[in-house]
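Keep in mind that what you see is a predicted model, and the values were worked out from it rather than measured. All residue numbers in this chain count up from 1 along the given sequence.
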Amino acid sequence: MQTFIERQERALRKKLHVLLGKAGVSEDNKRAIYASYGVASSTELNAYELMELCNKLAKDADPRLAELDRARKRLMAAVGGWMRGMGMLVNGDKIKAVACRAAQRERFNDIPMEQLRSLYAAFLKKQKDLERVERFTAEEAARLARFN
């Protein structure tokens, strides 16, 4: 009798092979993919590795998912840049929390594409405004220092 994890791994392995087939991955490329995980075949991958590999392949197969992923990464970069400009300590969880609050969403992955784009533009504008203000204040401080 199979355990729950064994059944999950078997289902994920099946999904992996379906995705590899849809993507048209050759045997040599399959071996290269497995080698990147330090194994010789899919039977040696654990459930987490199988899930990770399936997610990557599914993302590559569906251009909309890839586009959403790029938009999320751009938003994270924009929010992170703004936070660094504000002198805050930055990590992925904090960045996602700020983005979620700005989007009024519970989960980062629930933010729709249009809102990702809108927030990206807004946080980039905030970054540029911060840079402009810092440049202005530095120039003003230098000008005032010449009079003293």
Side-chain angles (χ1 to χ4, degrees), residues 4-9 11-20 22-25 28-42 44-148:
F4 175 75
I5 292 177
E6 289 169 338
R7 285 192 308 267
Q8 290 294 96
E9 285 178 351
L12 285 168
R13 202 169 292 108
K14 185 176 180 179
K15 180 179 178 180
L16 171 65
H17 288 285
V18 167
L19 290 169
L20 287 169
K22 280 185 180 179
V25 177
D28 290 336
N29 288 338
K30 284 181 190 178
R31 280 194 285 279
I33 290 170
Y34 299 148
S36 71
Y37 284 90
V39 298
S41 79
S42 63
E44 298 174 49
L45 294 169
N46 64 36
Y48 176 77
E49 293 166 335
L50 286 165
M51 201 171 357
E52 179 183 32
L53 194 49
C54 286
N55 288 339
K56 285 180 186 176
L57 288 168
K59 229 183 272 179
D60 292 342
D62 188 352
R64 291 175 303 186
L65 291 177
E67 186 181 354
L68 266 171
D69 191 49
R70 282 192 299 275
R72 287 184 187 113
K73 288 176 182 174
R74 282 193 298 263
L75 176 58
M76 287 183 68
V79 172
W82 172 75
M83 289 174 74
R84 280 188 291 281
M86 296 289 290
M88 297 178 190
L89 294 175
V90 179
N91 68 36
D93 291 334
K94 287 181 181 179
I95 290 172
K96 288 178 183 178
V98 168
C100 286
R101 282 196 303 273
Q104 298 177 342
R105 303 283 176 169
E106 289 289 319
R107 294 180 49 238
F108 183 70
N109 288 344
D110 290 342
I111 302 172
M113 177 60 87
E114 288 306 312
Q115 200 167 23
L116 288 168
R117 288 180 181 144
S118 171
L119 290 171
Y120 170 74
F123 277 99
L124 272 187
K125 185 175 180 338
K126 285 182 167 292
Q127 273 184 13
K128 290 176 184 175
D129 289 346
L130 274 175
E131 290 168 4
R132 206 173 305 120
V133 166
E134 285 191 22
R135 206 172 29 251
F136 171 76
T137 55
E139 290 169 1
E140 193 64 21
R143 189 179 68 78
L144 292 174
R146 279 185 268 153
F147 291 123
N148 290 335

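With rounding to the nearest 0.5 Å, the separation of OG in Ser42 from CG in Leu12 is 11.0 Å. Put simply, CG on Asp69 and CG on Asn55 are 10.5 Å apart, with the number rounded to the nearest 0.5 Å. Distance check, rounded to the nearest 0.5 Å: CD of Glu139 to CG of Leu144 gives 12.0 Å. Taken from CD in Gln127 to CZ in Arg84, the straight-line distance is 7.5 Å, to the nearest 0.5 Å. Residue Arg74 holds its CZ atom at 15.5 Å from CZ of Phe123, rounded to the nearest 0.5 Å. Rounded to the nearest 0.5 angstrom, Leu124 CG and Leu119 CG are separated by 11.0 Å.
The heavy-atom pair separating Ala58 from Leu65 by the smallest distance is O-CD1, 4.1 Å. Closest heavy-atom contact between Leu89 and Met83: O-CE, 4.0 Å. Met113 approaches Ala71 most closely through the heavy-atom pair SD-CB, 3.7 Å. Considering all non-hydrogen atoms of both residues, Ala99 and Val79 come closest at CB-CG2, 4.4 Å.
Using a 4.5 Å cut-off on side-chain heavy atoms (C-beta onward), Lys94 and Met88 make no contact. Annotation: side chain of Phe108 is in contact with side chain of Leu75 (closest heavy-atom distance under 4.5 Å).
Atom NZ of Lys126 is surrounded by 12 or fewer heavy atoms from other residues, nucleotides or ligands within 6.0 Å. For Glu140, the CD atom counts as densely surrounded, since its 6.0 Å shell holds more than 12 non-hydrogen atoms of other residues, nucleotides or ligands.
A donor-acceptor pair is defined here as one N or O able to donate and one able to accept, closer than 3.5 Å; such a pair exists between the side chain of Glu49 and the backbone of Asn46.
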Report task. With salt bridge (charged side-chain N to carboxylate O under 4.0 Å, His left out) as the test, would you mind laying out the steps for Asp129 and Arg132 before giving the verdict? Result -> CA-CA 5 Å; Asp129 289 346; Arg132 206 173 305 120; 3.0 Å; yes
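With sequence neighbours excluded, no residue forms a side chain to side chain donor-acceptor pair (under 3.5 Å) with Arg13. Listed by chain and number, the residues in a side chain to side chain donor-acceptor pair (under 3.5 Å) with Glu44 amount to none (sequence neighbours excluded).
A salt bridge links Arg31 with Asp28: the closest approach of a Lys/Arg side-chain nitrogen to an acidic carboxylate oxygen falls below 4.0 angstrom.
A salt bridge (charged side-chain N to carboxylate O under 4.0 Å, His left out) check over residues 109-123, counting only residues at least two apart or in different chains, returns the pairs Glu67-Arg117, Arg107-Asp110, Glu114-Arg117.
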